[in-house]
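A short worksheet on the structure shown next.
This chain uses plain numbering: 1 for the first residue, then up along the sequence.
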Amino acid sequence: MPTAGEISGTYTVVTDAVGEIVGGGELTNTFNGTPIDTSNKSNGDWVTALDGELSGKQFVWSGDFTYNNDDQYRAMRTAAFSGTQIQLTLTYVGSGAVTDESFTGMFTPTGLSDAIPHGAKVATSISFNSSGEVTRVEPADV
């Protein structure tokens, strides 16, 4: 484990309702949200936004998995082909001494793409787009 408080991507896991989706490689987690504009003439030329509120909130995870025959991996691929939402959790293992940071919600796997190089492992690229509220558990050290 790193000593300066940073975490390594190798400690990040994605799980479905059954267990870990094996074969995980690099992953990007993006949180999207738009400030709500409350501008009016009394503010002059300045844009003002509603404090503490965002619209269009969504988490999008995207990354690569090594193609394999694990049941959870296959279920993820099946959901991508059918547009089925699945409950997923992304956990930053080691992000807190007592509780790890995690994100749980319903996600639709999209954009499935397989890279099939000659003589090397097959890599599946995929995105997971949240639908509805995503619950975030903050990391904790005590």
Which residues pass the side chain to side chain contact (heavy atoms under 4.5 Å, CB included) test with [X], sequence neighbours left out?
| X | result |
| --- | --- |
| Ala75 | none |
| Thr78 | none |
| Thr91 | Val13, Thr89, Val93, Asp100, Ser102 |

Can you give me every donor-acceptor pair (side chain of residues 20-33, partner residue at least two apart or in another chain, under 3.5 Å) with its distance?
unit_1: Asn29; atom_1: OD1; unit_2: Trp61; atom_2: NE1; d: 3.0
unit_1: Asn29; atom_1: ND2; unit_2: Tyr92; atom_2: OH; d: 3.2

| Should Leu54 and Pro35 count as side-chain neighbours, where that means a heavy-atom distance under 4.5 Å? | yes
| field | Which atom of Ile86 lies closest to which atom of Met76, heavy atoms considered | value | CD1-CA, 4.5 Å
| remark: When rounded to the nearest 0.5 Å, the distance separating CD of Gln85 from OG of Ser130 is 9.5 Å
| query | Distance from Leu88 atom CG to Thr104 atom OG1, nearest 0.5 Å? | reply | 9.0 Å
| query | For atom CG of Asn40, is the number of surrounding heavy atoms from other residues, nucleotides or ligands below 6.0 Å larger than 12? | reply | yes
| request: Any pair with a residue in residues 69-88 that passes ring-ring contact (aromatic ring centres under 6.0 Å, His included), sequence neighbours left out, goes on the list, sorted by first then second residue, please. | output: Tyr67-Tyr73
| query | Parallel, tilted or perpendicular for Phe65 and Phe128, by the 30°/60° rule? | reply | perpendicular
What donor-acceptor contacts under 3.5 angstrom involve side-chain atoms of residues 133-142, with partners at least two apart or in another chain?
unit_1: Arg136; atom_1: NE; unit_2: Glu101; atom_2: OE2; d: 2.7
unit_1: Arg136; atom_1: NH2; unit_2: Glu101; atom_2: OE2; d: 2.9
unit_1: Asp141; atom_1: OD1; unit_2: Ala97; atom_2: N; d: 3.0

Validation: residues 113-122 side-chain donor-acceptor distances under 3.5 Å, sequence neighbours left out:
unit_1: Asp114; atom_1: OD1; unit_2: Arg77; atom_2: NH1; d: 2.9
unit_1: Asp114; atom_1: OD1; unit_2: Thr124; atom_2: OG1; d: 2.6
unit_1: Asp114; atom_1: OD2; unit_2: Arg77; atom_2: NH1; d: 3.2
unit_1: Asp114; atom_1: OD2; unit_2: Arg77; atom_2: NH2; d: 2.9

| note | Sorted by chain and number, sequence neighbours left out, side-chain hydrogen bond (donor to acceptor under 3.5 Å, both in side chains) with Thr38 holds for Thr48
Show every salt bridge (charged side-chain N to carboxylate O under 4.0 Å, His left out) that has at least one partner inside [range], sequence neighbours left out.
| range | result |
| --- | --- |
| residues 56-65 | none |
| residues 81-93 | none |
| residues 30-45 | none |

| query | Quick one: do Phe107 and Leu112 end up in the same hydrophobic cluster if we chain Ile, Leu, Val, Met, Phe, Trp and Tyr together by side-chain heavy atoms under 4.5 Å apart? | reply | yes
| task | Any chance you could pull the hydrophobic cluster mates of Ile36, using side-chain heavy atoms under 4.5 angstrom and chaining through other members? | result | Leu50
